[in-house]
Amino acid sequence: MTVRTRFAPSPTGFLHIGGARTALFSWAYARHHGGTFILRIEDTDVERSTPEAVQAILDGMQWLGLGHDEGPFYQMQRMDRYKQVISEMLLAGSAYRCYMTKDELDALRAEQEARKQKPRYDGRWRPETGKTLPPPPDGIPYVVRFRNPATGVVAWDDKVKGRIEFANSELDDFIISRADGTPTYNFCVVVDDRDMAITHVIRGDDHVNNTPRQINLLQALGAPVPQYAHLSMILGDDGQKLSKRHGAVSVMQYDDDGYLPEAVLNYLARLGWSHGDDEIFSMEQFVEWFDLDHITASAAQFNTEKLNWLNAHYIKQADLHRLGDEVTQRLARQGVSIAGGPEITAVLALYRDRAGNLNELADAVHPFYVMPHPGEEIRAQHLTEVALNALLALRQRLSTTPWQTAELGQAVKQTAAELGLKMPHVAIPLRVALLGLPQSPAIDAVLEVLGRERVLTRLDAVLPC
RNA sequence: GUUCCCAUCGUCUAGAGGCCUAGGACAUUACCCUUUCACGGUAAGUACCGGGGUUCGAAUCCCCGUGGGAACGCCA
């Protein structure tokens with residue numbers, strides 16, 4: 001049997017970090033087994049679903065590189081199929097019409113809650129042998145309810161949580177078709193999972209309580225029951241639950257914030273899953289290793305600092321031309337063009353080991369392309385009379401120094417030596433003159449990459465005429 | 001309220017009865033490297049929620065408690 005998994009988001013917002021991890025695990029499981037990964041858009045909530053959200057989810061999946069093999073399927077386009085199954089169930093007696101109004105239902109629930117009972121449908125329209133139902137009232141649209149087994153237990157071996165059992169007596173007859181004739185979530189999921197021959201349902205653990213209902217439905221339909229793996233939730237950095245109002249951000253925000261997708265993926269892979277002590281691995285390696293047995297059952301707290309560490313690691317590894325493209329774009333957004341400046345890959349080679357994200361990298365590289373204007377405080381502190389004197393001497397030497405790292409380093413050293421100064425007393429003012437900052441990578445390398453012309457121009461700009 | 005789930009360093013986790021005086025990683029601290037800032041290297045501190053069992057032996061199995069979470073929609 002080939003493995004078929006699916007990711008089934010509802011398009012009511014962007015793809016957030018929790019959804020992304022669910023997608024990643026479903027995708028990896030299918031890939032690991034040479035199976036099929038299906039994308040299904042659960043858009044039956046017409047009120048809240050938007051085409052923008054569909055696009056945002058697609059964009060997020062693409063940025064992460066989680067390609068699907070089938071779909072995207074849209075539930076709204078499968079209405080005829082759902083209605084067909086509902087009429088079959090009505091005919092077979094596994095579902096029935098319920099004429100209770102919404103108001104009556106609300107009243108019932110309020111009363112149950114007042115008595116501190118679990119709110120649930122009381123089965124008043126459920127056909128039972130020997131029970132006479134009232135005649136269907138006129139003018140009241142009906143909903144269709146699933147006739148859930150009244151006794152016994154539903155159980156399954158959850159691949160992450162182990163065996164879970166529910167007593168059928170805890171489950172009420174839930175609505176599968178609304179008064180307006182549209183099918184509901186639990187029903188659509190079941191029909192789709194069956195029609196799409198899903199073998200492994202990997203989803204968030206907020207669905208644990210839906211699972212027994214879905215299994216009962218599946219069985220009523222005579223369909224095979226897939227394996228279930230319920231992933232526990234991801235908490236925010238502060239240990240609080242993520243929500244639209246609190247901390248939940250689009251995966252695309254990570255792009256904006258300067259994260260590489262492979263860093264986000266690697267981080268997410270380790271959040272709730274492990275392979276011994278391995279921390280850093282490629283997606284190829286992840287797919288090879290991934291299994292359901294090593295998924296943690298408890299909730300995990302998101303840790304931005306660890307993500308940052310991984311991101312820094314991947315920036316160090318990344319191809320310089322790719323980093324060049326990323327940084328060029330980010331600079332362009334700030335109105336900075338690299339045209340006419342030093343070779344971007346050469347500059348990046350100096351900075352990639354010291355940046356935590358792409359935006360920091362862009363900021364670091366910025367002064368190479370824009371004439372720096374060190375602030376008053378920095379000038380006062382570093383461009384002292386002694387320092388300027390040294391820079392003047394250095395300027396003269398640099399106008400003839402062969403433009404190679406070793407020679408340039410020598411030039412700075414000799415200047416310092418001749419003036420009886422220590423290295424930092426020359427190198428730091430030089431950094432300020434060249435880049436507007438007292439810190440930089442090795443000064444000889446900075447000189448080399450900047451080029452003689454720009455170096456002399458920048459020195460002249462701080463030197464008194 | 002009811003049902004269900006969860007519980008190892010601050011955080012992510014290893015751990016499937018003896019290999020655990022509990023390992024790795026992030027973070028923290030110290031030192032080293034160094035022309036600055038980083039990077040890197042080395043080292044240190046920090047954890048099995050509590051109580052009962054089972055067993056020769058429990059972080060690992062069972063029960064209870066405590067704490068946290070989820071669900072109980074004509075939302076998904």
Side-chain angles (χ1 to χ4, degrees), chain A residues 8-12 42-49 75 98 100-102 105-106 109 112-121 141-145 158 160-162 164-167 169-172 174-186 188-189 204-212 230 232-233 235 237 239 241 267 270-280 293-294 296-310 312 316 351-356 364 382 409 412-413 416 422-428 430-432 437-444:
Chain A
S10 64
T12 54
E42 309 211 324
D43 54 357
T44 52
D45 184 354
V46 187
E47 304 272 294
R48 295 194 299 154
S49 297
Q75 291 188 322
C98 167
M100 191 174 185
T101 64
K102 217 168 194 167
L105 228 198
D106 288 344
R109 258 197 281 269
Q112 287 165 330
E113 273 173 47
R115 272 183 292 160
K116 305 230 180 222
Q117 286 176 343
K118 186 173 184 167
R120 49 183 302 162
Y121 176 63
Y142 60 86
V143 299
V144 178
R145 288 183 182 270
D158 197 275
V160 354
K161 293 180 189 288
I164 300 180
E165 289 187 359
F166 280 83
S169 57
E170 284 297 326
L171 274 21
D172 63 359
F174 60 98
I175 292 171
I176 60 177
S177 174
R178 302 183 180 94
D180 66 1
T182 59
T184 60
Y185 168 74
N186 276 117
C188 296
V189 166
D205 99 352
D206 47 334
H207 289 290
V208 166
N209 292 276
N210 290 323
T211 306
H230 286 100
S232 42
M233 45 187 292
L235 272 21
D237 234 334
K241 185 191 167 174
Y267 179 72
R270 273 300 276 105
L271 202 58
W273 176 85
S274 61
H275 183 266
D277 289 337
D278 294 304
E279 295 287 351
I280 293 177
D293 300 332
H294 293 83
T296 335
S298 53
Q301 190 171 318
F302 195 88
N303 185 210
T304 304
E305 300 201 307
K306 189 161 180 181
L307 205 211
N308 290 344
W309 167 71
L310 278 166
K316 283 176 207 149
Y351 281 91
R352 49 133 64 139
D353 282 355
R354 35 182 73 226
H382 297 288
V412 180
K413 276 198 183 98
K422 291 192 174 174
M423 233 341 228
H425 292 133
V426 179
I428 293 178
L430 181 56
R431 289 184 166 95
V432 170
L437 297 165
Q439 308 91 27
S440 82
I443 194 63
D444 47 4

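Just so it is clear: chains get the letters A, B, ... in the order the sequence lines come, proteins before strands, and each one is counted from 1.
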Distance between the P atoms of B:rU55 and B:rA7, in whole angstroms? 26 Å

Under 4.0 angstrom, heavy atoms only, what part of the nucleic acid is A:Phe166 near: base, sugar-phosphate, or nothing? sugar-phosphate

When the C1' atoms of B:rC4 and B:rU8 are compared, how many Å lie between them, rounded to an integer? 24 Å

Select base, sugar-phosphate, or nothing to describe what A:Ile443 touches, counting heavy atoms under 4.0 Å on all strands. base

Would you mind classifying the nucleic acid contact of A:Thr304 as base, sugar-phosphate or nothing, using non-hydrogen atoms under 4.0 angstrom? nothing

What integer distance in Å separates A:Glu170:CD from B:rU2:P? 10 Å

Please list each protein N or O that sits under 3.5 Å from an N or O in nucleotides 16-20 of chain B, with the distance.
none

Across the strands shown, which category fits A:Gly272 at heavy-atom distances under 4.0 angstrom: base, sugar-phosphate, nothing? sugar-phosphate

For every nucleotide of nucleotides 24-31 of chain B, 5' to 3': is a protein heavy atom under 4.0 Å from its base (B), only from its sugar-phosphate (S), or from neither (-)? BBBS----

Under 4.0 angstrom, heavy atoms only, what part of the nucleic acid is A:Ala355 near: base, sugar-phosphate, or nothing? nothing

Mind checking what makes ring pair (Phe, Tyr, Trp, His ring centres under 6.0 Å) contact with A:Phe302, not counting sequence neighbours? A:Tyr267

Rounded distance in Å between the P positions of B:rA44 and B:rA25: 12 Å

Pick base, sugar-phosphate or nothing for A:Pro441, based on heavy-atom distances below 4.0 Å to the nucleic acid. base

Nearest listed nucleotide, side chain of A:Lys102, among B:rC37, B:rU36, B:rC74: B:rC74

Inter-nucleotide C1' distance (B:rU3, B:rU60), Å rounded: 28 Å

Between B:rU66 and B:rG51, how far apart are the C1' atoms? Round to whole Å, please. 10 Å

Distance check, P atoms only: B:rC9 and B:rG24, in whole angstrom units. 16 Å

Donor/acceptor link under 3.5 angstrom from A:Arg48 side chain onto base of B:rC75: yes

Pairs under 3.5 angstrom, nitrogen or oxygen only, protein versus nucleotides 59-65 of chain B, please.
none

P gap between B:rU28 and B:rU54, integer Å: 47 Å

Any base atoms under 4.0 Å from A:Lys422, or only sugar-phosphate, or nothing? Heavy atoms, all strands. nothing

For atom P, what is the distance between B:rG73 and B:rU11, given to the nearest Å? 34 Å

Listing time: all N or O pairs from protein to nucleotides 66-73 of chain B that are below 3.5 Å?
residue, atom, partner, partner atom, Å
B:rA70, OP1, A:Lys241, NZ, 3.4
B:rA71, O4', A:Asn209, ND2, 3.3
B:rC72, O2', A:Pro119, O, 2.9
B:rG73, OP2, A:Arg109, NH1, 2.9

When all nucleic acid strands are considered with a 4.0 Å heavy-atom cut-off, which category describes A:Ala179: base, sugar-phosphate, or nothing? base

Please report, rounded to the nearest Å, how far the C1' atom of B:rC75 is from the CG atom of A:Asp45. 5 Å

The side chain of A:Asp444 lies closest to which of these nucleotides: B:rA76, B:rU3, B:rU35? B:rU35

Got a sec, which residues hit salt bridge (charged side-chain N to carboxylate O under 4.0 Å, His left out) with A:Arg120, two or more places apart in sequence or on another chain? none

Look at all strands and tell whether A:Ser232 reaches a base, only sugar-phosphate, or nothing, counting heavy atoms closer than 4.0 Å. nothing

Any strand is fair game: report the nucleotide pairing with B:rU42 by Watson-Crick or G-U wobble, both distances under 3.5 Å, or none. B:rA30

With heavy-atom distances below 4.5 Å as the criterion, would you say the side chains of A:Arg270 and A:Leu310 are in contact? no

Touch class at under 4.0 angstrom, heavy-atom based, for A:Lys161 against every strand present: sugar-phosphate

Determine the contact category for A:Glu113: base if any of its heavy atoms lies under 4.0 Å from a base atom, sugar-phosphate if only primed atoms, P, OP1 or OP2 are that close, otherwise nothing. nothing

Within the structure shown, what part of the strands sits under 4.0 Å from A:Thr182 by heavy-atom distance: base, sugar-phosphate, or nothing? nothing

